[in-house]
Amino acid sequence: MEATTAEFLRFVQPQWESLHRVARRYVVGTHDASDLVQETLLRAWRSFSAAQDRTHNRAWLFVIMRSAVMDWQRTSSRRITLVLTPDSELTELAPADLTEPFAPAPTMDEQRFREYLDDRIVDALDELEPAFREVIVLSVAGDLSYRKIAEVLDCPVGTVMSRMARARRALRECLSHPDAIASAQRKERRMDRPS
Amino acid sequence: MTCGETREYLFAFLDSELDAPLSIELQRHIDGCATCAQEAEIERTVRRQLGQALDIGDGEAHSDEPSLQEMVDRVTSRRTVRTSLRHRVVWLTGMAAALGLVVVTGAFLMDGDQANASDRFADLVVQDFEHFLSEGKSVQIASGNPRIVSTWLMEKTSLDVSLSEPTEFAWTLVGGRKCKIDDRPAAFAVYEKNGVPASLVAVDSEAWSLEAMNKVQRDGVRYWVAHRERYTVVARRRSELIYAAVGIAGEEELIRLISVNR
């Protein structure tokens, strides 16, 4: 039976917001993100409308989005902010002992720590290796489980778990960098100075 | 569990990706180790702030971005438009007509009888439970500690959820997940008894009417009951929430589940 637009809309709706959040991390601006979502849905519709069995899960849309990003890398690379490497070509990222203590967190009270994170966290994310950045984006922005991320990246769940742990450690190191903390402390002193 | 092992599994734990036995073991370590507890709290804060930052986006105005309906209509009719080049296909007449129809239909339905609203509530919670079963019964936070699960659900849904401590005859708490019922936030606690799953769903009580469901009374407490094929729904109001127990267990078992959580 041919798929209806209503069926497709019902399928896409739960993923609408997360598709946009993830798209904004793959490409340059919100308009390009909107185009990426559109491209994703166009490709998805072609498959959805033709399929007999429409039991796609939410990872499927992100698989399609990722494929679109890789195509754009070849044709419109200036639109891409998160450059992807097929997992099969990814050489093992610097091994880390995941039992080692974390980088020390900045010494500040909770309120100031949250403000510090507000200022710094997206920049810190953007400093990560693309493979690290992507697992965090798929998890936090895409709201995907590790199992779903493994489907998107076409790798074992154990790889996702390991890569996620390394990614979050790397993020912690970026946030703990002395330059970033010094900059935040300078800003605090400027704000505390009486006018 | 050692501190090193805790660090190794911490992120998976915070993402609710560890199986229940390992989760419980890690939680036990955190409960007894101030250093690891502090690290867990820092990483929770980092994840929360990151989620907020990625949700907000880059702050650019999105008023000219196509809606879901517009975009689906474009792709299904092959009339895609590249927004980044600001090409516009003006659909105002068609969309205004469609929107008007939706508003009129919505007003008609909202003015409809309460029976439809509470029947719909029962249908939706059963549908959500069936979806949970079909997705492999995965929880987003695996813990048997009601305080931990309640706190997590409150953070994720902004609903003032409070799960009770287990009693001898109660169901076993497995974990929780956030979800949406009819696009409204819902907290979903997962229980199990002798291998039979059940959920306890909490939603904002103002959004739903239970009046058309069958009323029963137990120990001076009123419950509303509905049956849908092999599923039973038992609901009660508590404070500003409706709690609804859903499962294939019988009415009395689900009343027992929901009455423990008082």
Side-chain angles (χ1 to χ4, degrees), chain A residues 3-5 8-9 12-14 16-17 20-22 24-25 29-35 37-39 41-46 49 57 79 97-102 105 110 113-114 117-118 121-122 124-125 136-137 139-141 143 145-147 157 160-161 164-165 167-169 171-172 175, chain B residues 2-12 14-18 35 38-39 41-43 45-62 64-69 71-78 80-86 134-136 138 140 178-180 183:
Chain A
T4 63
T5 302
F8 186 62
L9 190 146
V12 171
Q13 187 163 31
W16 178 245
E17 296 290 339
H20 275 87
R21 285 196 297 265
V22 171
R24 283 199 288 269
R25 306 317 303 175
T30 51
H31 293 311
D32 278 329
S34 183
D35 284 348
V37 172
Q38 179 175 262
E39 179 64 24
L41 295 190
L42 179 61
R43 296 183 185 201
W45 169 248
R46 284 182 194 138
S49 59
N57 65 36
R79 303 170 86 182
D97 183 352
L98 297 177
T99 63
E100 286 290 306
F102 300 131
E110 192 180 330
F113 183 54
R114 282 203 296 267
L117 290 178
D118 276 344
I121 201 158
V122 174
L125 179 67
I136 291 179
V137 166
S139 170
V140 179
D143 204 20
S145 67
Y146 287 12
R147 188 164 55 93
V157 174
V160 172
M161 192 175 283
M164 178 66 78
R168 304 270 272 276
R169 278 179 165 266
L171 186 66
R172 176 76 170 258
L175 291 167
Chain B
T2 65
C3 291
E5 287 166 335
T6 299
R7 285 190 284 268
E8 186 175 359
Y9 294 115
L10 180 65
F11 300 107
L14 295 175
D15 292 344
S16 308
E17 293 283 349
L18 282 192
T35 304
Q38 188 181 33
E39 293 294 357
E41 194 49 42
I42 288 169
E43 288 303 326
T45 303
V46 169
R47 198 195 189 286
R48 191 168 48 238
Q49 297 300 106
L50 185 57
Q52 287 172 7
L54 295 183
D55 202 22
I56 290 166
D58 56 11
E60 288 182 29
H62 304 305
D64 58 346
E65 298 303 313
S67 67
L68 169 60
Q69 181 72 61
M71 195 171 282
V72 167
D73 286 344
R74 284 179 191 175
V75 302
T76 56
S77 62
R78 302 292 195 272
T80 54
V81 173
R82 196 161 157 191
T83 309
S84 59
L85 296 179
R86 297 195 177 277
S134 70
E135 284 277 293
S138 60
Q140 292 169 340
K178 65 179 172 77
C179 62
K180 288 194 173 182
D183 218 31

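Being a predicted model, the structure only gives us computed values, none of them experimental. Throughout, a chain's letter reflects where its sequence line sits, starting with A, and its residues are numbered from 1.
Neither the backbone nor the side chain of A:R43 has a heavy atom closer than 4.5 Å to any heavy atom of chain B. With a 4.5 Å cut-off on non-hydrogen atoms, A:V22 does not touch chain B at all. Neither the backbone nor the side chain of A:E17 comes within contact range of chain B; no heavy atoms are under 4.5 Å apart.
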| Where do A:R114 and B:Q52 land on the side chain to side chain contact (heavy atoms under 4.5 Å, CB included) test, with the steps shown first? | CA-CA 11 Å; A:R114 282 203 296 267; B:Q52 287 172 7; over 6 Å; no

- request: Dump the intermediate steps for salt bridge (charged side-chain N to carboxylate O under 4.0 Å, His left out) on A:D143 and A:R21, then the final yes or no.
  value: CA-CA 10 Å; A:D143 204 20; A:R21 285 196 297 265; 5.4 Å; no

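Minimum interatomic distance between B:P66 and B:M71 (heavy atoms only, all atoms of both residues): CG-CE, 3.5 Å. When all heavy atoms are compared, the tightest approach of B:L50 to A:L171 is CD2-CD2, 4.2 Å.
Residue with the most contacts toward chain A among B:E41, B:R7, B:E39: B:R7 (heavy-atom pairs, distance under 4.5 Å). Comparing A:P101, A:P14, A:A141 by heavy-atom pairs within less than 4.5 Å of chain B, the highest count is held by A:P101. Most heavy-atom pairs under 4.5 Å with chain A, from the set B:K180, B:R48, B:R47: that is B:R47.
The aromatic ring centroids of B:F11 and A:F102 lie less than 6.0 Å from each other.
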